[in-house]
Amino acid sequence: MKDSNILDSLNPDQKRAVTHVKGPLLVFAGAGSGKTRVIIHRAAYLIHKGVKPYEILCLTFTNKAATEMKQRLQAMAGIRSANVWAGTFHAFGAWFLRREASRIGYPGSFIIYDETDQRSLIRRCIKDLNLNKNRIKDSIIAWLINTKKDTLSNKIPEHLEIDPMPIINMYEKRKMAYSAFDFGDLLYRPCQILSNHQEVRDKYKSMFRYILVDEYQDTNMAQYKMLMSIIGREKNICVVGDDDQSIYGWRGADVGNILRFKDDFPEAEVVTLEQNYRSTLDILNAASNLISNNRTRAPKRLWSNNKGEEEDLIVNEFADDEDEAGFVAYTIGKLISQDVSPSNIGVFYRINALSRVIEEDLVGEDIPYVVYGGMRFYERREIKDILAYLRLIANPMDEEALTRVINTPPRGIGNKSLDKLHAIAQDKGLSTIEIMNKAIEDNIIKGSAAKGIKSFLTILDTLRSYAPVVDIGDLISRLVDITGLQDMVASEIDGFDRITSIKELIASARGETDLVSYLEQKALISNIDIPKNADAVSLMTLHMSKGLEFDYVFILGLEEGLLPHVRSFDSGEAIEEERRLLYVGITRAKRKAFLSWARIRGLYGREMFQSPSGFIREIEGF
DNA sequence: CCGAAAAAGATTTTT
DNA sequence: TCTTTTTCGG
């Protein structure tokens, strides 16, 4: 491949970013300015210039972005690109820990706890510490634990009724005994290891000589530190981002990271991409008007050559949410009748709860649609049950998984017996599974409970013997059969749907053989892949829309309390983030954007009287 | 111990 | 409104 193949289609600024090989590089890439192209082309260019693919590390924020990056790089640079390390920060953290976790007393075969697992473990700690009646919320503890890890700080809010530290300590101790990491650990623990071990730092510094980071504006403190400790002496670090699209502050993301890049690396080359190739001028101006109301941002103004039709951005007011939904469905129907493909239409909202009304009307109009997010596949009960069994096969120490399935389906083991077992295990310092047989021999557990436990152990043994010899799809289908999960689920009211999702899971696990890496994949990728060639209208939250584009975009619920959301009212910073969220939404639109608000909205079973979002006036430039 | 019924909880966003 | 947890009678 020649230089020209890689550089031909780029504008001068993009070219500058792609060809800057040595030393730190900061790319401010406005919405629709070809950011992803720059990253892909840059990686391809590096390989072309003789950089070894395995020396390149590409970090992104979402799985979606990571997958896209790998695919497009493969298309451009061919098979060699397979050796580029590309993935999310969390996936990188997990990969790192598989190799280095022994340094903090963890086995490399650890499992990953998702939010639900984390919550129920916290709840159990609260219970075991007899802090139940204090009505301390697990959500607050979870928030504390996660924030501590995301921001690498030890600050604890003072206005708490009780000291959260005993709970947190017990949580961490047990999590370690179970060989589990939570999401926060995947970023925090690598930081810890890297900062304590010079030789580990050196190892990864020489391993990855070229680092590319996408969505740098969304990095939190832990991600930042992790990054800084693996940047080699050559400082070939390239970060790409847009401070106007930082929308993860609530999760510890710090826009300051991108704004301070110049301080971290004074010698850095800075490229600003301001030409927008996506939207029409009207849409772009509306978005620019809006975002110019933010105080903390690097000054810039996007421009576009796309003239468009006369009215490309429309704000509508409706009497209630049903009218709004009716309009959206009607308009989409009209567009489709004009030969617009449904896949070129996106409907966005601030909170998932808004999708329902729209869905009803879309069904009524016979319009195909896909809802992204919402109830996540791997959080469905039947799927979590199956995964818990798999986790137990891979790692008998996983008490959380054990608690979940020991009596699912019911086999006569109630809370009493379970508490007894837990107590013995705690006492002996062993895992519950290890002491089960002995508890029965010693007659501590009797009757139906003992019988249930015996059959449970037999089931596990049987499954464990299958695990090395069949693929995971096969393993799961035997699992649902032997455990009785399948029969249990089938007899439920919504059994058919649940059986369908079990079948989906089995199908998607065909050909997989490595249980540990399979489970990691499931923990880190929360949504099952929806075929993207599906010709359907896309419904999603504004957060999910980042990185996508549609010819026609509908944004619902521009109301005070919804967008901006109530929870942002007490801080100016948070309001700015809401503004960026709407900015992201508007800039997804290529040809037309329909924004709307309703005077009455049914929300959580209540009728709310709404007033228009202040953002509407800002868009219109008053 | 089980399952139904009632009560409570949570409704922002994601890895 | 919808889901999860707790309570209570069998």
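A note on names: the letters A, B, ... follow the listed sequences, proteins ahead of strands, and every chain is numbered from 1.
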_Atom-to-atom span, CZ of A:Phe181 to C1' of B:dT15 - whole angstrom_ = 16 Å
*asked:* In whole Å, I'd like the distance from the OH atom of A:Tyr372 to the C1' atom of B:dT15.
replied: 19 Å
*Across the strands shown, which category fits A:Tyr248 at heavy-atom distances under 4.0 angstrom: base, sugar-phosphate, nothing?*
sugar-phosphate
*asked:* Under a 4.0 Å threshold between the charged nitrogen and the carboxylate oxygen, would A:Arg124 count as salt-bridged to A:Glu400?
replied: yes
*Under 3.5 Å on both distances, the Watson-Crick or G-U partner of B:dT15*: none
*Would you call A:Glu399 and A:Arg174 a salt bridge, using N to O less than 4.0 angstrom?*
no
*Are A:Lys35 and A:Asp214 close enough for a salt bridge, meaning some N to O gap below 4.0 Å?*
yes
*Mate of B:dC1 where both pairing distances stay under 3.5 Å, Watson-Crick or G-U*: C:dG10
*Angle class for the A:Phe61/A:Phe89 ring planes (parallel below 30°, perpendicular above 60°, tilted otherwise)?*
perpendicular
*From B:dC1, B:dA10, B:dT15, nucleotide with atom closest to A:Ser139 side chain*: B:dA10
*asked:* Counting C-beta onward and ignoring hydrogens, is there a side-chain heavy-atom pair between A:Glu215 and A:Lys546 closer than 4.5 Å?
replied: yes
*When you get a sec, tell me which of C:dT1, B:dT15, B:dT14 is the closest nucleotide to the side chain of A:His90?*
B:dT15
*Would A:Asp117 and A:Lys384 count as a salt bridge (charged side-chain N to carboxylate O under 4.0 Å, His left out) if you check the C-alpha gap in whole Å, the side-chain angles of each, and the deciding distance to 0.1 Å?*
CA-CA 10 Å; A:Asp117 301 319; A:Lys384 284 224 72 168; 3.0 Å; yes
*Could you check how far CG of A:Leu582 sits from C1' of B:dT13, rounded to whole Å?*
15 Å
*Which nucleotide, C:dT1, C:dT5, B:dT14, lies nearest any side-chain atom of A:Arg356?*
C:dT1
*Using whole Å, report how far CH2 of A:Trp143 lies from P of B:dA10.*
16 Å
*Check every atom of B:dT15, C:dT5, B:dT14 against the side chain of A:Asn63 and return the nucleotide holding the closest atom.*
B:dT15
*For A:Ala449 and for A:Ser568, locate the closest nucleotide of DNA chain B by heavy-atom distance; then report the residue assigned to the nucleotide nearer the 5' terminus.*
A:Ala449
*Tell me, with the steps shown, if A:Phe92 and A:Leu227 meet side-chain contact (heavy atoms from CB on, under 4.5 Å).*
CA-CA 11 Å; A:Phe92 179 74; A:Leu227 208 52; over 6 Å; no
*Face-to-face stacking of A:Phe61 with B:dT15, centres under 5.5 angstrom, angle under 30°*: no
_Under 4.0 Å from OP1 or OP2 of B:dT14: is there any side-chain N or O of A:Thr88 that close?_
no
_Please report the distance, rounded to the nearest Å, between CG in A:Asp150 and C1' in B:dT13._
14 Å
Are any protein N/O atoms closer than 3.5 Å to N/O atoms in nucleotides 2-6 of chain B? If there are, list each pair with its distance.
from	atom 1	to	atom 2	distance (Å)
B:dC2	OP1	A:Gly412	N	2.7
B:dC2	OP2	A:Asn407	ND2	3.1

*Think A:Asn352 has a side-chain N or O under 4.0 angstrom from the OP1 or OP2 of B:dT13?*
yes
*What is the distance, rounded to the nearest whole Å, between atom CG of A:Leu542 and atom P of B:dT14?*
11 Å
